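Below is one structure, written out as structure tokens, with a few remarks after it.
Computed over heavy atoms, backbone and side chain alike; hydrogens, waters and symmetry mates excluded. Small disclaimer: the values here were computed from a predicted structure and weren't measured. Position 1 is the first residue of the sequence; numbering continues from there.
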Amino acid sequence: MPAVSVFGAQWGDEGKGKIIDRLAAEADVVVRYQGGANAGHTVVVAGQKYVLHLIPSGILHLGKVNVIGNGVAVDPLKFLEEVEGLRTRGVQVDGSNLRLSSSAHVIFEHHRRIDQAAERWRGEGRIGTTGRGIGPCYADKAARTGLRVCDLLEPEHARLRLRAALAEKNALISQVHGEAPLDLEQQLARYTTLAGQLAPFVGDTAFQVREAYSQGRRVLFEGAQGAMLDIDHGTYPFVTSSNTGVDGIPAGAGFPARWIERAIGIAKAYCTRVGEGPFPSEQHGPLGERIREAGNEYGATTGRPRRCGWLDAPQMRYTLGWNGATSWIMTNLDVLTGFDSIPVGIGYKLHGKRFAEYPASLSGIEDLEVEYTSFPGWTEDITAVRQYDRLPRRCREYVESVEKLIGVPIEMLSVGPERDQVISRAGVHHGTPVGAR
Ligand code: IMP
């Protein structure tokens, strides 16, 4: 496993945390390259549940280096809270196994305030953000008014930059959103104190990751959110503010694209989404409710109930295609146990016109009707199965039919939240990038 990318192939919450934790056993370095504490990666080890928002899921393995790259939007409060939370549970976290890029942009109080106020301002057009300040932080990065971790570590420089930023943000907070402005001195004192606590973790992570790779270390890139939330290729404007797929790695980690040898998509055996925006195969009513209860589909970051629906083959071909996926991993297969029949989306209809592929840039996408084919379900408990040929016949038929519809090999199945509840599919070929579209 020299350099492997793991990314969400749906709208986030595909179970990446558990898979990364599992693959981390074979890696030396685990790297987050985009997003921030909007992510919620759940890992269960020996019955203990860990929810990681910012720190890579490799932290639960001894001897791995975990990296938060320059492309991540870092909230110092959340970072330090997470470090403390892990330490109190006996997990080793220090500057030797957790590295933070000096070029990562910092999320301040004003970013969180503006994120939440802007959502109220948008009313019906709201995105349903996590309210963690992600969008406003990336907006400042692009506008060149943001502060990076290295800026925060130089007090005089930090004062100049924060003063300029707050002059503009306070006008927005008070005059547009009608809230109390933030005090520069208070904010400076708070964030420079936090910067002091960040310092032992900070370094040139891009250089460190390239060096590690050049010395033969195995590098795993942990995507957050999902490819359908990618700012360029997702369901814009109902997306997050970063490149969530393989496309985010070169910019967000300073790692050459051509060194990435495998790209593994993660997707549930059905599909979920949190927040607003198009979700063609969503099931409203009792079926959606049944999937939500069976899969305990409530957000790990915000606790919001997730919208639930069926697997959508053209949507999967779209995300696996533009990310050049070499294989994918199907998670939460056990959740489908007990359904009489399991529909899978195979195409769309819009205003009487048929589409076989996901129409990425079409306006009116929210009116897409999905055409389904259905597979018979199974009733046997599969949570203790560890060998593919021990799965019920109908379950295997479901997996193999979906694989054929999507056209990218499934290399692993996940059948429960624990680290060892996976089924490896021997003989699956991975290594040939797939350009599905
Ligand atoms: P933001 O990333 O907080 O700006 O939110 C933008 C959109 O992405 C919203 O629909 C969120 O619900 C969604 N989102 C952000 N992070 C995650 C995640 O980790 N899982 C699933 N959805 C997410």
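With hydrogens and angles ignored, the 3.5 Å screen pairs a side-chain donor or acceptor of Thr331 with a backbone N or O of Glu14. Panel note: side chain Asp94, backbone Ser96; a donor-acceptor pair is recorded below 3.5 Å. In this structure, Arg161 contributes its side chain and Gly146 its backbone to a donor-acceptor pair below 3.5 Å. A donor-acceptor contact shorter than 3.5 Å links the side chain of Arg99 to the backbone of Val202. Of the possible polar contacts, one joining the Asn70 side chain to the Ala251 backbone as a donor-acceptor pair under 3.5 Å is found. The backbone N or O of Ala269 sits nowhere less than 3.5 Å from a side-chain atom of Asn332 that would complete a donor-acceptor pair. The backbone N or O of Val93 sits less than 3.5 Å from a side-chain atom of Arg87, completing a donor-acceptor pair. Remark: side-chain polar atoms of Asp21 are not paired, donor with acceptor, to backbone N or O of Gly17 under 3.5 angstrom. Judged by distance alone, the side chain of Gln34 and the main-chain N or O of Ala224 form a donor-acceptor pair under 3.5 Å. A donor-acceptor pair is defined here as one N or O able to donate and one able to accept, closer than 3.5 Å; no such pair exists between the side chain of Gln10 and the backbone of Asp312.
In this structure, Phe238 has its ring center no closer than 6.0 Å to that of Trp11. Taking the six-membered ring where the residue is Trp, the centroids of Phe255 and Phe221 are separated by under 6.0 Å.
Side chains of His111 and Asp140: a donor-acceptor N/O pair is present below 3.5 angstrom, by distance only. With hydrogens and angles left out, the side-chain atoms of Asn66 and Asn97 include no donor and acceptor closer than 3.5 Å. Looking only at atom types and distance, the side chain of Thr129 has a donor-acceptor partner in the side chain of Asp115 under 3.5 Å away. Counted by atom type alone, Glu297 and Tyr270 present one or more donor-acceptor pairs between their side chains at under 3.5 Å. Residues Glu289 and Gln283 bring no donor and acceptor atom of their side chains to less than 3.5 Å of each other. Ser414 and Lys18 share a side-chain donor-acceptor pair at under 3.5 Å.
In this structure, SG on Cys137 lies 9.5 Å from CG on Leu147, to the nearest 0.5 angstrom. For the atom pair Thr88 OG1 and Glu84 CD, the distance stands at 6.5 Å (nearest 0.5 Å). The CZ atom of Arg22 sits 9.0 Å away from atom NE2 of His61, with the distance rounded to the nearest 0.5 Å. Between the CZ atom in Arg262 and the CG atom in Leu23 there is a gap of 7.5 Å [rounded to 0.5 Å]. Rounding to the nearest 0.5 Å places CD1 of Ile342 at 7.5 Å from SG of Cys395. Rounded to the nearest 0.5 angstrom, Leu413 CG and Arg396 CZ are separated by 11.5 Å.
Closest non-hydrogen pair, Ala73 versus Leu54, comes out as O-CD1, 4.1 Å. Of all the heavy atoms in Ala24 and Gly58, the pair that sits closest is CB-CA, 3.9 Å. What you find for Ala263 and Asn323 is that their closest heavy atoms are CB-O, 3.8 Å.
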Practice problem: Starting from the C-alpha separation in whole Å, work towards a yes-or-no answer on side-chain contact (heavy atoms from CB on, under 4.5 Å) for Glu411 and Arg425. | Solution: CA-CA 5 Å; Glu411 73 166 79; Arg425 288 184 75 223; 5.8 Å; no
Self-check item: Criterion salt bridge (charged side-chain N to carboxylate O under 4.0 Å, His left out) on Lys16 and Glu222, from CA distance to verdict
Solution: CA-CA 8 Å; Lys16 294 181 290 295; Glu222 171 174 356; over 6 Å; no
Exercise. Go through Trp310 and Phe339 one step at a time and tell me if the ring-ring contact (aromatic ring centres under 6.0 Å, His included) criterion holds.
Key: CA-CA 12 Å; Trp310 301 119; Phe339 281 85; 5.7 Å; yes
Exercise. Assess whether side chain to side chain donor-acceptor pair (under 3.5 Å) is satisfied between Thr235 and Arg273, documenting all intermediate values.
Key: CA-CA 12 Å; Thr235 49; Arg273 171 167 203 169; 3.2 Å; yes
Practice problem: Begin with the C-alpha distance, continue with both residues' side-chain angles, and end with the deciding distance and a verdict on side-chain contact (heavy atoms from CB on, under 4.5 Å) for Arg132 and Ile107. | Solution: CA-CA 8 Å; Arg132 296 283 168 103; Ile107 296 185; 5.6 Å; no
Self-check item: Val106 and Arg148: CA distance, side-chain angles, deciding distance, side-chain contact (heavy atoms from CB on, under 4.5 Å) verdict
Solution: CA-CA 5 Å; Val106 176; Arg148 298 161 302 165; 5.7 Å; no
Practice problem: Start with the C-alpha gap between Ile68 and Thr205, add the side-chain angles, then the distance that decides, and say whether side-chain contact (heavy atoms from CB on, under 4.5 Å) holds. | Solution: CA-CA 8 Å; Ile68 299 179; Thr205 58; over 6 Å; no
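Tyr33 has its side chain out of reach of Asn243: every pair of non-hydrogen atoms, C-beta onward, lies at least 4.5 Å apart. The closest side-chain heavy-atom distance from Asp247 to Trp322 is below 4.5 Å. Proximity of Trp328 to Met330: side-chain heavy atoms (C-beta onward) are separated by under 4.5 Å at one or more points. With a 4.5 Å cut-off on side-chain heavy atoms, Leu166 and Gln187 count as touching. With contacts defined as side-chain heavy-atom distances shorter than 4.5 Å, the pair Val4/Ile264 qualifies.
Judged by the 6.0 Å distance and 45° axis criteria, Arg307 is not positioned over the aromatic ring of Phe279. Under a cutoff of 6.0 Å and an axis angle of 45°, Arg89 and Tyr50 form a cation-pi pair. Figure legend: cation-pi geometry between Arg304 and Tyr298 absent, as NZ or CZ is not positioned both under 6.0 Å from the six-membered ring centre and within 45° of its axis.
Salt bridge status for Glu179 with Arg113: present, with a side-chain N to carboxylate O gap under 4.0 Å. A salt bridge does not link Arg394 to Glu397: none of the charged nitrogens lies less than 4.0 Å from a carboxylate oxygen. Classification of Arg218 and Glu26 as a salt-bridged pair fails, no side-chain N sitting under 4.0 Å from a carboxylate O. Under 4.0 Å is where a charged nitrogen must lie from a carboxylate oxygen, and between Arg306 and Asp13 at least one such pair does.
When each of Arg190, Arg159, Arg163 is checked for a salt bridge (charged side-chain N to carboxylate O under 4.0 Å, His left out) with Glu185, only Arg159 meets the rule. Between Gln225 and the choices Asn38, Thr244, Thr240, the side-chain hydrogen bond (donor to acceptor under 3.5 Å, both in side chains) rule is met once, by Asn38.
Within a 6.0 Å radius of CZ in Arg390, other residues, nucleotides and ligands contribute 12 heavy atoms or fewer.
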